Amino acid sequence: MGGAVSAGEDNDELIDNLKEAHYIRSELVERAFRAIDRADYYLEEYRDSAYKDLAWRHGNLHLSAPCIYSEVMEALDLQPGLSFLNLGSGTGYLSTMVGLILGPFGVNHGVELHADVVDYANQKLDYFIKTSDSFDKFEFCEPTFVVGNCLEIPPESWQYDRVYCGAGVQKEYENYMKNLLKVGGILVLPLEEKLTKITRTGQSSWDTKKIIAVTFAPLVQPKQNVNGRPRSVPLPIFEVRTLQDLSRIAIRHTLRQPIALGEGRTKRRVSFPGARAMHRYGPRFERRRFCRRFYRQCVNSVVLHDSMIPTAMDDCNYPGGVEEEEEEVEEEEEIGCRRVREDLPEEDEEGCGGTEEEKSKSGCARAEPPVNILREKILRLPLPEPLKMYLLYYREK
């Protein structure tokens with residue numbers, strides 16, 4: 001299932017394509033998708049396929065197509081503080097994105113049939129927390145996964161605000177799924193080959209909406225144990241956060257606020273954390289901006305050495321050096337850039353030729369990675385080192 005949008009060169013370009021095709025329609029969903037690189041949930045040898053709009057399966061590991069996850073995220077109508085249950089949580093990719101929206105006071109649970117997949121999901125979750133800058137840009141609701149068949153959840157279990165099932169649900173189990181919802185809750189599931197959104201409007205009333213046609217593997221039927229009675233899969237408990245944990249959340253939230261406000265006043269007009277790679281200022285814009293800079297430097301070099309500029313460029317008046325970002329991207333500059341670069345030495349992966357010293361002089365040196373401001377603020381606090389590391393969730397730099 002998938003193939004509805006073009007493949008991207010990277011995660012941001014994939015999200016751009018999903019937006020253009022109207023699969024991603026809300027800012028919250030876009031932020032969550034951009035914050036987590038889909039390729040991080042693939043096995044290393046399959047990463048080249050991560051940005052295609054296709055489902056991926058290897059053994060028990062499975063990821064749905066990006067267009068499906070987009071529709072699911074939009075249909076769930078997630079808000080901070082809600083409780084979420086993911087039936088067939090798989091690699092944890094969807095649960096981690098959901099956690100970025102739910103915030104620290106939400107509930108994020110997953111049930112997965114295969115123990116090896118739960119181990120894989122926990123490894124990926126740990127990697128995200130330890131290494132991703134997005135973790136410091138959002139207030140995160142960490143998912144908890146349990147092993148078991150989602151059809152063996154006891155009827156007296158907790159109910160949730162939002163429920164998603166990642167396997168085809170037979171009609172006979174529709175009411176079973178509905179009973180997992182609180183009144184006012186939303187259930188999204190593949191039902192009769194349609195991705196379906198069910199809203200519980202009362203104790204015994206429901207509103208059903210068909211979204212798109214889909215094809216999912218069916219739910220695995222529960223097995224009977226020796227005495228003929230079905231097994232029971234206990235869901236994770238709704239834990240109350242400790243005072244120490246609440247203090248960490250409050251301190252990080254307080255330190256993060258000036259960062260968010262400051263970002264809203266920059267020239268890039270980034271209005272929320274995690275928006276660094278929004279459509280206009282994402283990698284494609286950066287590549288175009290580099291192209292303009294490189295082209296101007298080439299033209300200026302020709303002017304200085306030979307005073308010879310092609311006739312098509314006679315009316316151009318480019319200032320020397322590397323300029324700051326401009327508001328508009330001019331197509332003729334990009335075309336000229338490609339023409340000039342055809343006559344230059346072979347370039348490296350960043351688009352610059354020559355030694356490191358030559359790259360530095362020409363403004364083509366590799367850009368420094370962005371500074372994690374929240375981390376820097378925490379490290380400057382007059383606190384013991386163990387407490388600073390606790391505030392940082394023991395994250396690597």
Side-chain angles (χ1 to χ4, degrees), residues 4-5 8 11-38 40-41 53 63-86 89 92-110 125 128-129 132-143 160-164 166 181-182 184-189 195 197-199 209 211-212 249 252-253 256-257 259-261 263-264 268-282 374:
V5 301
N11 194 67
D12 284 303
E13 190 165 340
L14 173 62
I15 308 311
D16 290 341
N17 295 338
L18 290 169
K19 281 192 65 181
E20 290 169 6
H22 303 289
Y23 283 101
I24 294 178
R25 300 178 290 277
S26 65
E27 183 179 287
L28 273 177
V29 171
E30 181 181 357
R31 290 174 60 192
F33 269 88
R34 290 194 188 278
I36 300 178
D37 195 326
R38 179 177 168 89
D40 289 343
Y41 289 80
D53 186 33
L63 282 166
S64 294
C67 66
I68 300 299
Y69 282 136
S70 303
E71 289 288 1
V72 169
M73 290 283 284
E74 292 288 356
L76 286 170
D77 190 21
L78 297 161
Q79 300 296 330
L82 296 180
S83 57
F84 171 68
L85 177 62
N86 189 354
S89 51
Y93 173 64
L94 179 67
S95 293
T96 304
M97 285 196 294
V98 169
L100 296 177
I101 299 176
L102 297 182
F105 303 111
V107 174
N108 193 354
H109 293 165
L125 175 62
F128 169 75
I129 293 174
S132 175
D133 279 344
S134 296
F135 182 80
D136 283 335
K137 295 176 181 177
F138 292 79
E139 294 182 287
F140 185 52
C141 180
E142 185 174 336
Y160 292 79
D161 297 304
R162 301 291 185 267
V163 178
Y164 170 65
L181 273 184
K182 295 179 180 178
I186 295 174
L187 165 66
V188 178
L189 75 171
L195 188 64
K197 176 180 178 179
I198 300 175
T199 304
K209 176 184 177 182
I211 303 175
I212 56 173
I249 293 169
R252 287 171 62 90
H253 176 79
R256 190 183 286 110
Q257 292 310 301
I259 300 173
L261 293 173
E263 286 178 349
R268 289 176 179 246
R269 298 191 297 277
V270 182
S271 59
F272 52 83
R276 159 67 180 80
M278 290 292 285
H279 177 71
R280 177 165 173 73
Y281 301 116
L374 178 61

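Keep in mind that the numbers below use all heavy atoms, side chains included, and drop hydrogens, waters and symmetry copies. Computed from a predicted structure; not experimentally measured. Residue numbers count from 1 along this sequence.
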Hey, does [Y] have a side-chain heavy atom less than 4.5 Å from the side chain of [X]?
X	Y	value
F128	D40	no
L100	F140	yes
L94	N86	yes
R34	D16	yes
R38	L63	yes

Give a yes or no answer on whether the side chain of [X] reaches the backbone of [Y] with a donor-acceptor pair at less than 3.5 Å.
X	Y	answer
E74	S26	yes
R256	L374	no
D161	L82	no
E71	I212	no
Y41	G92	no
N11	F33	yes

- Message: The test is side-chain contact (heavy atoms from CB on, under 4.5 Å); show your working for L125 and E142 and say whether it passes.
- Response: CA-CA 8 Å; L125 175 62; E142 185 174 336; 3.8 Å; yes
[atom1]/[X] to [atom2]/[Y] distance, rounded to the nearest 0.5 angstrom?
X	Y	atom1	atom2	result
R162	L102	CZ	CG	9.5 Å
L189	Y164	CG	OH	9.0 Å
H109	S89	NE2	OG	11.5 Å
Y69	S64	OH	OG	4.0 Å
F135	T96	CZ	OG1	11.0 Å
M97	L28	CE	CG	13.0 Å

- L18 and C67: side-chain contact (heavy atoms from CB on, under 4.5 Å), yes or no, with the steps? CA-CA 7 Å; L18 290 169; C67 66; 4.2 Å; yes
Non-hydrogen atoms of [X] and [Y] that approach each other most closely:
X	Y	result
S134	A35	OG-O, 2.7 Å
P66	D53	CD-OD1, 3.2 Å
N108	S95	ND2-O, 2.9 Å
E139	P104	CB-CD, 3.4 Å
R25	Y23	NH1-O, 3.4 Å
I186	L76	CD1-O, 3.7 Å

- Query: Under 4.0 Å between a Lys/Arg side-chain N and an Asp/Glu carboxylate O for R252 and D136?
  - Reply: yes
